[in-house]
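Written out below as structure tokens is the structure these notes cover.
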Amino acid sequence: MPKSRIRKKADYTPPAAKQAQAIKLTNRAWVAPVMLAMFLIGLAWIVVFYVTDGSLPIDSLDNWNIVVGFGFIAAGFGVSTQWK
């Protein structure tokens with residue numbers, strides 16, 4: 001039986017290196033404290049509303065105080081999207 005021919009393969013050539021782009025790093029040190037502050041303010045707002053039977057923090061808002069508290073918490077989640 002005849003032998004098959006041996007094919008010579010080309011040597012490996014790595015792909016051309018891409019030029020590195022400068023990454024703009026901004027100072028995001030404010031994000032974590034603001035996020036935590038918003039969470040805590042929202043939580044405290046809701047807790048104070050329930051502990052005082054609805055007379056605090058703002059009496060005229062009645063049950064809308066809960067919405068305000070959750071608004072602060074939602075704002076905290078919004079700020080958390082800026083965290084890197």
Side-chain angles (χ1 to χ4, degrees):
M1 177 165 270
K3 284 187 167 182
S4 62
R5 290 189 226 163
I6 299 174
R7 297 182 202 162
K8 187 171 184 177
K9 294 182 180 180
D11 292 335
Y12 173 75
T13 55
K18 296 180 181 178
Q19 292 182 355
Q21 295 177 353
I23 299 173
K24 183 179 178 184
L25 297 175
T26 58
N27 187 3
R28 303 257 181 181
W30 60 272
V31 173
V34 170
M35 176 184 65
L36 291 175
M38 298 294 259
F39 288 154
L40 292 176
I41 290 170
L43 179 65
W45 195 288
I46 294 170
V47 168
V48 167
F49 175 72
Y50 277 115
V51 168
T52 61
D53 291 328
S55 62
L56 286 177
I58 300 176
D59 190 28
S60 63
L61 288 180
D62 292 328
N63 287 335
W64 285 97
N65 280 305
I66 298 171
V67 176
V68 172
F70 278 113
F72 275 111
I73 294 171
F77 279 113
V79 170
S80 71
T81 62
Q82 299 299 314
W83 195 5
K84 289 187 178 185

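Here the structure is a predicted model, which is why all the values come from computation and not from measurement.
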Practice prompt. Using the rule that two of Ile, Leu, Val, Met, Phe, Trp, Tyr join whenever any of their side-chain heavy atoms come within less than 4.5 Å, decide whether Ile66 and Val51 are in one cluster.
Written response: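 The answer is no; the residues belong to distinct hydrophobic clusters.
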
Worksheet item: Hey, quick one: are Val67 and Ile46 part of the same hydrophobic cluster, counting side-chain heavy atoms closer than 4.5 Å, chains of contacts allowed?
Response: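 Yes, one cluster joins them.
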
When rounded to the nearest 0.5 angstrom, what is the spacing between [atom1] in [X] and [atom2] in [Y]?
| X | Y | atom1 | atom2 | value |
| --- | --- | --- | --- | --- |
| Leu36 | Ile41 | CG | CD1 | 11.0 Å |
| Met35 | Ile73 | CE | CD1 | 13.0 Å |
| Asn65 | Phe70 | CG | CZ | 12.5 Å |

Practice prompt. Only pairs at least two apart or in different chains count here, so list each ring-ring contact (aromatic ring centres under 6.0 Å, His included) that has a residue in residues 34-56.
Written response: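 Only Phe39-Phe77, Trp45-Phe72 qualify under ring-ring contact (aromatic ring centres under 6.0 Å, His included).
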
Worksheet item: How close do Val79 and Val31 get, heavy atom to heavy atom, and via which atoms?
Response: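 Taking every non-hydrogen atom into account, O-CG1, 3.5 Å.
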
Worksheet item: Nearest heavy-atom pair of Ala75 and Met38: which atoms, and what distance?
Response: CB-CE, 3.3 Å

Practice prompt. For Ile58 and Val68, run side chain to side chain contact (heavy atoms under 4.5 Å, CB included): C-alpha distance rounded to whole Å, both residues' side-chain angles, the deciding distance at 0.1 Å, then the answer.
Written response: CA-CA 10 Å; Ile58 300 176; Val68 172; over 6 Å; no

Worksheet entry | Remaining members of the apolar cluster that contains Val48, side-chain heavy atoms under 4.5 Å | Leu56

